[in-house]
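See structure below.
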Amino acid sequence: MPPKEQTNARHTSKVSRWDQHGREHVVRVRRTGIQRTIRCDTCGWRKGAQFLPWLKAEEHLAEAHQATVDPTAA
């Protein structure tokens, strides 16, 4: 019997930034096929983004929450 193919596999990643008060804000990027949806855990904002979803997530965090501190930066 051939192995089952995964259809509609969903992959999620996240973009985290901290604001000037030390609060973490997270935008999750969910991929289903070629479609990507970005959603903010803080305010519920959501948007479809086929291209550059991580850049759009960073822009939302900076504009809506003034969260610009990257936790991965040394």
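The residues of the chain are indexed from 1 along the displayed sequence. Note that these values count all heavy atoms, side chains included, but never hydrogens, waters or copies made by symmetry.
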Determine whether the side chains of D19 and H25 contain a donor N or O and an acceptor N or O closer than 3.5 Å. yes
Closest contact, heavy atoms only, Q66 versus E63: NE2-O, 3.1 Å
Any side-chain heavy-atom pair of H60 and C40 under 4.5 Å: yes
R23, CZ atom: more than 12 neighbouring heavy atoms under 6.0 Å: yes
Between R17 and E58, is any pair of side-chain heavy atoms under 4.5 Å apart? yes
From CA spacing to verdict: side-chain contact (heavy atoms from CB on, under 4.5 Å), C43, H65: CA-CA 9 Å; C43 68; H65 306 293; 3.7 Å; yes
W45 reachable from V29 in the ILVMFWY side-chain graph, under 4.5 Å edges: yes
Who are the side chain to side chain donor-acceptor pair (under 3.5 Å) partners of Q35, not counting sequence neighbours? none
Decide side-chain contact (heavy atoms from CB on, under 4.5 Å) for Q50 and I34; before the verdict, give the C-alpha distance in whole Å, the side-chain angles of both, and the deciding distance to 0.1 Å. CA-CA 7 Å; Q50 187 172 356; I34 63 167; 3.8 Å; yes
Closest contact, heavy atoms only, P53 versus R36: CG-CD, 3.2 Å
Could you verify whether a donor N or O on one side chain and an acceptor N or O on the other, from T68 and W18, lie under 3.5 Å apart? no
Honestly curious: do I38 and V26 fall in one hydrophobic cluster under the side-chain, below-4.5 Å linking rule? no
Kindly indicate whether the side chain of R28, heavy atoms from C-beta on, has any atom under 4.5 Å from the side chain of D41. yes
